[in-house]
Amino acid sequence: MTSPITRRKMMQAMGAATLAPSVVARGAMPRPQVPAARAAGWCPEGPDTPKLSLFTPPHADAAAMRRLKQIGINHVHTGGPPIPWKEDQIRSLMASFQAGGLTLGNIMIGGFPNTIYGRPGRDEEIDKVRQSIRAAGRAGLPVIEYNFYVHRLTEGYFATTGRAGAGMTGFDYKRAKDLPPLPEEGAHNNEEVWGNITYFLKAVIPVAEESGVRLALHPNDPPAPLSRGSQQIMGTVEGWKHLIEIVPSKSNGITFDCGVTREMGEDPVEVCRYFGSRDRINHMHFRNVRVEVPYEEYTEVFLDEGQNNMFAVMKELVRQKYPRLIDPEHPRGLDVDRDLSTAPPQYAGGGEYVGFVYNVAYVRAMLQAALISQ
Amino acid sequence: MYKPNRRECLQGVLATMAAGAAPAISRALPRPQAGKTASSENDKIKLCLVWGAQYPYLVKLAKQIGVTHSIAGSGLYGVPRSQYVDTLAKIKAQYDAAGLTIAGVESHPVEVEKIKLGLPGRDEELENYVAAIKALAEVGIPMICYDFCGGIGWYRTNKDLPWRGGCSSMDFDLQVANKEGLTKWGRISAEQMWSNIEYFQKAVMPVAEKAGVQMALHPDDPPVPELRGIARICTSAANYRRILNIVPGPMNGVTFELSVFTLMGEDINALAAEWAREKKIHFIHARNLRGTRDHFTETFQDDGQIDFGKVFQTLHDNGWHGPLRPDHDPILEGEGEEAKLFHYPSTPGYGVLGKMCGIMYIKGILASRHIPYV
């Protein structure tokens with residue numbers, strides 16, 4: 001009875017889909033008149049519920065976007081151009097994703113090292129960030145994400161293996177704790193960096209508020225106690241809490257990462273409630289981890305095998321009515337991704353598309369289950 | 001049209017008995033199922049994939065994504081009866097070596113076309129069937145998923161329907177099917193099919209009861225009363241109850257195919273509760289859809305009209321924890337590239353990445369409801 005889909009047929013389908021990315025538009029086949037899932041009282045996802053999102057490069061081609069649509073991804077986040085951003089740049093980024101049926105919900109901004117280190121030149125950088133926020137606001141981008149690391153201690157990461165040899169990302173502070181400061185970064189204590197970020201936030205948050213844009217500060221990950229001689233302001237929940245008090249505005253929020261929360265030995269449900277109830281979660285990373293020593297020794301594992309109760313986290317996000325992006329990031333290293341990849345993974349022991357297939361299907365089930373459990 | 005007479009029927013039963021089958025009145029007690037190991041595993045739903053031991057790359061993928069149970073093909077087509085046990089023992093050893101537990105076989109272990117259509121030669125097929133059941137029991141394979149779709153197996157009018165993001169799904173439209181005309185078997189009445197299934201059940205079930213092999217009847221898919229001139233009878237819960245009472249016993253049960261029972265217009269939650277309590281559900285196929293019996297489209301598990309969580313909860317609440325597998329899933333466009341590694345003949349409904357979407361969605365739903373699975 002079965003007729004195998006031949007490679008040729010697949011290619012034909014792919015070619016046709018390239019010409020007309022919309023499924024409905026493809027071919028002259030009559031569409032079945034079927035009730036929408038929503039009409040049947042099921043599929044509780046909607047415009048005000050959390051949205052699964054994957055990082056997608058700014059110039060993703062049509063095929064790459066279709067691969068996301070197929071696994072049920074309708075939202076993406078990406079990296080931004082050099083600052084200052086122009087409104088038409090942001091509009092064109094949003095439009096290129098929209099052409100693939102994807103809504104761009106967050107762009108990462110960077111390129112302001114003098115601001116982080118409190119060096120001369122920071123005022124020019126901050127001005128460019130303000131211009132970028134205004135451009136994003138005019139283009140209708142809701143969230144801008146940023147980092148404020150003195151140094152990211154990726155030197156402590158190592159590849160390890162888990163279930164049936166799948167790649168896991170380990171972190172061991174001992175591998176990196178004695179590394180000296182890099183000359184271009186220097187060593188900075190928290191007092192200094194809090195001063196620098198306060199200077200930054202006081203300048204940019206009012207602009208973000210006016211522009212209708214929310215900023216999301218990514219935590220320090222790994223949250224090691226010292227990172228090449230520098231303390232990490234976003235390496236404790238206490239730090240996260242302090243951040244949102246510097247400028248009391250919904251535009252001054254965090255990227256809530258339940259994996260990093262556990263890496264610090266904290267309870268992600270409680271932390272989610274704290275920031276969610278204050279409406280300061282402006283972006284979200286959904287991943288699991290197995291911790292040996294908080295802050296120092298842990299392994300990033302599959303979503304279904306770590307110490308976090310992922311469904312409890314999802315339920316808390318839904319209970320707090322979090323409506324923005326959820327990124328099931330850091331896929332584990334499945335053989336198929338490793339065998340197909342021509343470059344090393346972004347993180348030691350990490351994976352790619354097939355790992356994301358795994359994550360997205362699992363997290364979508366949890367999202368739907370959480371929404372109907374309300 | 002061929003119809004078996006009373007004498008042939010009797011011959012069939014006698015042949016079965018001569019072949020060592022239990023008397024038809026046997027009421028075997030439920031026996032511990034073969035192939036089960038740790039008692040804790042018995043209380044968990046067994047998630048299965050159909051990637052057999054002959055596909056080592058996929059076996060490893062299954063284990064990396066945390067799936068250790070498998071539904072095997074029995075491989076007895078064309079094998080002389082005297083070699084059934086040896087053949088199955090080899091298959092079983094292959095799976096053991098691969099670290100996969102065979103939860104059952106799908107579909108019929110031997111040829112059945114004459115049995116289904118009541119044609120001359122069916123008694124030999126039945127003798128093969130009986131021997132196959134005994135051989136399966138001997139090597140410790142506990143379940144057969146079988147169907148009684150005469151002449152036509154599962155059937156779709158379009159097996160390459162463009163779906164979400166340009167992937168390939170399937171669709172059935174009775175109006176289109178009706179235009180395809182009769183098959184080479186001509187017209188076969190419901191009465192004839194009832195007679196055929198009775199003949200089959202009376203010959204086979206006593207053997208299955210004695211051997212302790214679960215017989216899990218898959219519904220006719222699609223469950224229309226007639227397809228291209230051939231009547232279909234496994235098309236409603238009422239008909240199922242009648243079939244299960246031909247030779248009632250604990251081994252005589254159901255493959256609870258969520259989407260087909262939905263298409264029948266049954267209340268699948270009520271049915272799940274009833275049959276789980278009666279221990280009639282030996283196997284579950286989880287698949288989603290949109291539409292109605294006469295015109296429907298297969299969807300991803302996450303965007304159809306069946307609320308899987310609700311059904312799984314009902315099953316769990318009624319003590320069910322048998323084998324379950326994602327059934328048809330759309331074929332993802334990117335499979336062309338990955339397939340080079342898989343060495344697996346992806347056919348409609350059976351793409352590797354689509355199957356991953358299915359199994360991970362099911363895992364996410366089960367985890368969200370704290371329903372134990374392995």
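Quick note on labels: first sequence line is chain A, next is B, and so on, each numbered from 1.
Taking all atoms of both residues into account, the shortest heavy-atom contact from A:Met366 to B:Ala367 is CE-CB, 3.8 Å. Scanning all heavy atoms of the two residues, the minimum distance from A:Ala365 to B:Ile365 falls at CB-N, 3.5 Å. Of all heavy-atom pairs spanning B:Gly166 and A:Gln70, the tightest one is C-NE2, 4.1 Å. Contact detail for B:Asp302 and A:Gln368: the closest heavy-atom pair is O-NE2, 2.9 Å. Closest approach of B:Gln64 to A:Arg338, counting heavy atoms only: NE2-NH2, 3.9 Å.
Proximity to chain B (any heavy atom under 4.5 Å) is shown, for A:Ala370, by neither the backbone nor the side chain. Heavy atoms of A:Asp304 lying under 4.5 Å from chain B belong exclusively to its side chain. Only the side chain of B:Leu61 has a heavy atom closer than 4.5 Å to any heavy atom of chain A. With a 4.5 angstrom heavy-atom cutoff, B:Arg369 touches chain A only via side-chain atoms. Of the two parts of B:Tyr350, neither the backbone nor the side chain holds a non-hydrogen atom closer than 4.5 Å to a non-hydrogen atom of chain A. Interface remark: B:Leu341 contributes side-chain atoms only to the contact with chain A (heavy atom separation under 4.5 Å). Both the backbone and the side chain of A:Tyr358 come within contact range of chain B, with heavy atoms under 4.5 Å apart.
Between chain B and the residues A:Leu340, A:Asp335, A:Val363, the largest count of heavy-atom pairs under 4.5 Å involves A:Asp335. By number of non-hydrogen pairs under 4.5 angstrom with chain B, the leading residue of A:Ala164, A:Gly165, A:Ala63 is A:Ala164. Between chain A and the residues B:Gly364, B:Gly354, B:Pro345, the largest count of heavy-atom pairs under 4.5 Å involves B:Gly364.
A 4.5 Å side-chain heavy-atom check between B:Tyr57 and A:Val336 finds at least one atom pair inside the cut-off.
For the atom pair A:Lys69 NZ and B:Cys167 SG, the distance stands at 11.5 Å (nearest 0.5 Å). With values rounded to the nearest 0.5 angstrom, A:Leu68 atom CG is found 11.5 Å from B:Arg164 atom CZ. Going from atom OH of A:Tyr362 over to atom CD1 of B:Ile359 covers 12.5 Å, rounded to the nearest 0.5 Å. Distance check, rounded to the nearest 0.5 Å: CG of A:Asn309 to NE2 of B:His370 gives 5.5 Å. A distance of 9.5 Å separates CE of B:Met356 from CD1 of A:Ile71, quoted to the nearest 0.5 Å. In this structure, CE on B:Met360 lies 7.0 Å from CG on A:Leu303, to the nearest 0.5 angstrom.
Side-chain atoms of B:Glu333 do not come within 3.5 Å of backbone N or O of A:Arg66 as any donor-acceptor pair.
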